[in-house]
Amino acid sequence: MTNIFLDTLKGKTTERPPVWFMRQAGRVLPSYLALKEKHTFWQLMKDPDLAAKVTLLPIDDLGVDAAILFSDILVIPYAMGMGLDFTDNGPVFEKPLIGVDEPLKRLNPDPEKLQYIYNAIDRILQTPGNTTPLIGFCGAPLTVMLFMIQGLGTRSNFTDAERFFFKEKELTRKMAEAVTELTIEYALQQVKYGVSAFQLFDTHAGNVPFAYYQEVFMPSVKKIADAVRATGTPFIFFPKGIGAGIQDINHDLCDFLSIDWQTSLFTARKLVDKNVGLQGNLDPRVLFADEKAILDELQNFIPFHQEESKWIFNLGHGLVPGIPVENVKLVVDFVKQGKW
Ligand code: CP3
């Protein structure tokens, strides 16, 4: 069975770019919001039938070319023994590491605590009639550690955790190693259970200077990437906010690089190694505008595709709550029917 998303990842030329969206399941779909009335987020994740159902909603409701596993990046700290709740204000850890002596000793990785996710993958792949490729994912150590240390989900304020990175550089490195070890096992299990591509989310890569990122966190990213790619699974890296750091990213690290909305695809194409495909990068907030404004923005992607066929249409960050679902469908229809 050929699929436009997998073909593009493999470098084959296709008649149009494939399209999927970061956070396509859990933020804007009325079908998801209806399920959220009845179940908590943990229930949706932990019940394989519900997780499979939610994973596949965007295929039916939006018509995207790939599904992304319905889970969260914070399942890793949870599997390391950190109590975690998902509240209306975002994820909250029971005992953030900032207030803890010897934080490394607090972390007790238990790979069994990730089994419910593999059960969900099984269920997704066994769903009758489903042939859409499944993207596995996890968070990169920097972003996951910001949440572990800071503890609360206020989306942009990680002041204490960032200070910790500078005050406790050696400890930061050791913690990154511990997170990386479990992450690799987790990523490899996702591959074993059958995901056909993998994306590493580093949503807060821009929260530290690039030099610090390269020194302390890039070795972890490389290890995770190497482990996944050694299985032959295409690897997409999303280091949001990394800026001109993209010029140091090459095919040794990833197959595709997901570009945020700060950098234009044309600029990214000049900076990033030509062997690396690109993904992105419509600003999700454009989808709050009217139809004409959205279509005008979408037109700008046509000359880019004429220049570069190793490209997956996506957003520059995940869908934002409140975006009208019709506007998301408008994008899918444009990509699928547009004159590329
Ligand atoms: O389409 C999807 O939603 C796919 C599954 C998915 C979730 N989280 C589900 C989720 C994915 C790929 C993620 C990744 C994730 N989680 C990231 C990286 C991508 C990004 O958007 O930046 C980050 C930083 C997190 C951490 C996290 N989890 C935050 C900040 C929050 C708060 C609420 C929100 O929507 O961001 C969560 C909770 C969360 N993860 C929800 C969902 C559907 C909301 C739970 C709820 O409604 O109670």
Side-chain angles (χ1 to χ4, degrees), residues 22-27 41-42 45 51 55 68-82 84-86 90-93 96-97 107 109 111 113-114 116-118 120-121 135-158 161-162 164-165 172-173 175-191 195 197-208 213 216-228 233 235-242 253-254 256-258 260 279 314-315 317-319:
M22 290 188 266
R23 311 303 301 273
Q24 65 189 10
R27 275 184 171 163
F41 178 56
W42 264 127
M45 263 204 293
T55 300
I68 182 161
L69 178 62
F70 189 72
S71 180
D72 195 79
I73 64 166
L74 300 180
V75 297
I76 287 291
Y78 176 73
M80 296 177 102
M82 292 185 69
L84 170 64
D85 197 10
F86 290 93
V92 177
F93 283 107
L97 298 180
L107 302 177
K113 283 189 162 169
L114 296 163
Y116 65 99
I117 301 167
Y118 313 136
I121 298 177
I135 305 168
F137 78 94
C138 65
L142 159 73
T143 294
V144 173
M145 283 169 60
L146 284 175
F147 283 97
M148 289 166 76
I149 297 168
Q150 191 73 43
L152 51 101
T154 53
R155 285 159 201 176
S156 53
N157 192 347
F158 294 103
E162 287 153 7
F164 181 98
F165 287 167
T172 299
R173 230 190 275 271
M175 285 164 69
E177 279 166 17
V179 170
T180 302
E181 198 177 315
L182 185 61
T183 299
I184 288 176
E185 170 163 2
Y186 175 49
L188 289 178
Q189 286 290 90
Q190 290 187 41
V191 170
V195 302
F198 195 87
Q199 175 156 319
L200 186 69
F201 284 87
D202 216 349
T203 303
H204 297 289
N207 287 35
V208 296
Y213 189 88
V216 176
F217 292 107
M218 199 60 104
S220 294
V221 171
K222 177 85 168 90
K223 276 188 206 157
I224 298 164
D226 285 352
V228 170
T233 307
F235 183 81
I236 308 168
F237 181 37
F238 177 50
K240 184 171 182 293
I242 206 165
L253 186 74
C254 58
F256 270 64
L257 187 66
S258 203
D260 58 41
Q279 177 176 270
N314 205 312
L315 304 171
H317 192 189
L319 286 169

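The first residue in the sequence is number 1, and the count goes up from there.
Within the 4.5 Å cutoff, side-chain heavy atoms of Val179 are placed close to those of Met145. Contact of the Phe147 side chain with the Pro77 side chain is not registered, since no non-hydrogen atoms from C-beta on lie closer than 4.5 Å. Side-chain contact between Leu107 and Met82 is present, with heavy atoms from C-beta onward closer than 4.5 Å. The shortest side-chain heavy-atom distance between Met45 and Val75 falls under the 4.5 Å cut-off. Looking only at side-chain heavy atoms (C-beta outward), Ile121 and Thr55 stay at 4.5 Å or farther from each other.
The CZ atom of Phe238 sits 11.0 Å away from the CG atom of Leu200 when rounded to the nearest 0.5 Å. Rounding to the nearest 0.5 Å gives a distance of 11.5 Å between CG of Asp202 and CG of Asp260. Note that CD1 of Ile242 is 5.0 Å distant from CE of Met218, once rounded to the nearest 0.5 Å. Considering CD of Gln279 and CD1 of Ile236, their distance stands at 4.5 Å, rounded to 0.5 Å. The CD1 atom of Ile184 lies 6.5 Å from the NZ atom of Lys223; values are rounded to the nearest 0.5 Å. Distance check: Leu97 CG to Met80 CE gives 9.5 Å after rounding to the nearest 0.5 Å.
The minimum heavy-atom distance between Pro141 and Ile224, with the atom names listed, is CD-CD1, 3.8 Å. Heavy atoms only, all atoms of each residue included: Trp42 and Leu84 are closest at NE1-O, 3.0 Å. Closest approach of Pro111 and Glu185 over heavy atoms only: CB-OE2, 3.3 Å. Minimum heavy-atom separation, Ala79 to Leu182: CB-CD2, 4.0 Å. Considering all non-hydrogen atoms of both residues, Leu253 and Ala225 come closest at O-CB, 3.2 Å. Taking all atoms of both residues into account, the shortest heavy-atom contact from Gln150 to Phe158 is OE1-C, 3.1 Å.
The ring-ring contact (aromatic ring centres under 6.0 Å, His included) test with Phe137 singles out one residue from Phe201, Phe237, Phe70, and that residue is Phe201.
In this pair, Tyr118 and Tyr186 present their aromatic rings tilted. The plane angle is within the 30 to 60° band.
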*Report the C-alpha distance between Tyr78 and Asp72 in whole Å, list the side-chain angles of each, state the deciding distance to 0.1 Å, and finish with yes or no for side-chain hydrogen bond (donor to acceptor under 3.5 Å, both in side chains).*
CA-CA 10 Å; Tyr78 176 73; Asp72 195 79; over 6 Å; no
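Looking only at distances, no side-chain donor or acceptor of Ser220 sits under 3.5 Å from a matching main-chain atom of Thr180. Under the 3.5 Å distance criterion, the side-chain polar atoms of Asn314 are matched with a main-chain donor or acceptor of Met22.
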